[in-house]
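For reference, the structure discussed in these notes is given below.
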There are 2 protein chains.
Amino acid sequence: MSSFFSKKCEYGLQAVLYLAAQGKSSLCSAEEISNNLNIPKEFTSKILQDLTEKGIIISRKGRVGGFKLAIDASQIKLIDIVAAIDGLDIFKNCVMGFHNCNGNQKCPVHKEWMEVVEKAYRMLSQRSVDIFNNIPLDHF
Amino acid sequence: MSSFFSKKCEYGLQAVLYLAAQGKSSLCSAEEISNNLNIPKEFTSKILQDLTEKGIIISRKGRVGGFKLAIDASQIKLIDIVAAIDGLDIFKNCVMGFHNCNGNQKCPVHKEWMEVVEKAYRMLSQRSVDIFNNIPLDHF
DNA sequence: ATAATATCAGATAAAATTATCTGATTAAAA
DNA sequence: TTTTAATCAGATAATTTTATCTGATATTAT
């Protein structure tokens with residue numbers, strides 16, 4: 001009953017992928033995203049607000065308002081969303097929670113674990129949010 | 001502010017590593033472990049009780065009671081403790097939280113992510129809890 | 001103007017995780 | 001036998017995460 005990223009971060013990733021799949025021009029409301037991704041509506045709003053503040057997406061108020069990507073999908077990497085929501089600690093911290101596992105004194109699995117998280121980090125840094133471009137996202 | 005494993009699981013790993021480092025014969029009290037690892041005392045007890053129930057460690061009540069490994073340290077893998085506390089879902093679930101990312105319909109990063117978690121799983125399955133045997137664990 | 005529909009901001013609630021308390025039981029030592 | 005020191009079991013509390021509510025503001029259409 002645990003996951004690599006927080007629910008907030010998972011939802012954030014999904015929401016941005018949704019926006020990316022809609023094309024950069026059209027605005028999507030929080031409700032539309034919520035309905036299509038089965039994310040609680042108000043929670044969706046909150047997360048989209050956070051991402052707006054971070055500059056990843058742009059919001060527009062009013063009657064035909066909504067959200068869209070701030071820049072081209074190919075320029076937004078998955079790691080940008082992770083960094084904005086969960087932060088990057090998970091890629092730095094000791095897997096067993098040892099606080100002094102760093103610098104001079106490293107735990108016995110430190111090196112191997114760093115290989116794991118660096119592989120994850122590399123993937124998230126390479127993949128941009130247009131990965132779903134030709135895939136019907138609402139099946140997920 | 002997230003981690004791969006829950007705090008409970010991190011503490012559990014640390015506690016079992018501590019027991020392993022003490023040798024299989026001697027009993028350690030929850031208080032001793034708590035003091036040496038800076039884990040809240042009562043929480044330590046709870047986690048040790050859980051691990052006792054799972055058969056990873058053995059408890060002995062009474063005046064000179066405490067906990068020790070149920071079997072030889074070399075036979076207890078890190079993954080056994082993870083499985084007992086957090087479970088193995090983290091190695092199976094979609095990294096972006098897509099519920100239907102499985103079987104026939106897989107998300108675009110599914111394959112790469114599985115490589116990441118399988119690398120982690122492999123490491124945790126290979127390493128047994130005697131990894132700290134010649135390292136002063138209280139520095140961590 | 002007014003109504004409708006969206007974001008936005010802040011408070012609140014619910015649930016899960018993390019941590020603590022209390023008292024019972026067990027077993028050894030005095 | 002009594003005291004002491006440990007686990008054990010269940011309740012409770014605190015904190016964090018997840019989710020919801022309320023009302024304000026912005027923007028477009030009528």
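All chains are named by letter (A, B, ...) in the order of the sequence lines, taking the proteins before the strands, and each is independently numbered beginning at 1.
- Put simply, CG on Leu51(B) is 13 Å from P on dT7(D), counting in whole angstrom units.
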Using a 4.0 Å heavy-atom cut-off, write out nucleotides 20-30 of chain C from 5' to 3' as B (base contacted by protein), S (sugar-phosphate only) or - (no contact). BB----BBBS-
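- Look at CD1 on Ile47(A): it is 9 Å from P on dT18(D), rounded to the nearest Å.
- Between Asn35(A) atom CG and dA6(C) atom P the separation is 11 Å, expressed in whole Å.
- Between the NZ atom of Lys68(A) and the P atom of dA6(C) there is a distance of 17 Å, rounded to whole Å.
- Checked by atom type, the side-chain pair Ser74(A)/Asp130(A) shows no donor-acceptor distance below 3.5 Å.
- Ser45(A) comes within 4.0 angstrom of no nucleic acid atom, judged by non-hydrogen atoms across all strands.
- A 6.0 Å sphere centred on NZ of Lys77(A) holds more than 12 heavy atoms belonging to other residues, nucleotides or ligands.
- For the OP1/OP2 pair of dA19(D) and a distance below 4.0 Å, the side-chain nitrogens and oxygens of Tyr11(A) include at least one atom meeting the criterion.
- Residues Lys7(A) and Cys28(B) both approach DNA chain D. Their nearest nucleotides, taken by heavy-atom distance, put Cys28(B) toward the 5′ side.
- Between the side chains of Ser3(B) and Asn93(A), no donor-acceptor pair of N or O atoms lies under 3.5 Å.
- Spacing between atom CD1 of Ile33(B) and atom C1' of dA6(D) amounts to 12 Å, rounded to whole angstrom units.
- Distance CG (Leu48(B)) to C1' (dA19(C)): 15 Å, rounded to an integer number of Å.
- The interatomic distance linking Glu31(B) (CD) with dA19(C) (P) rounds to 17 Å, in whole Å.
- Atom CD of Gln49(B) and atom C1' of dA6(D) are 12 Å apart (whole Å).
- Ion pairing of Lys8(B) with Asp50(B) is present here, as a side-chain N (NZ or NE/NH1/NH2) and a carboxylate O approach within less than 4.0 Å.
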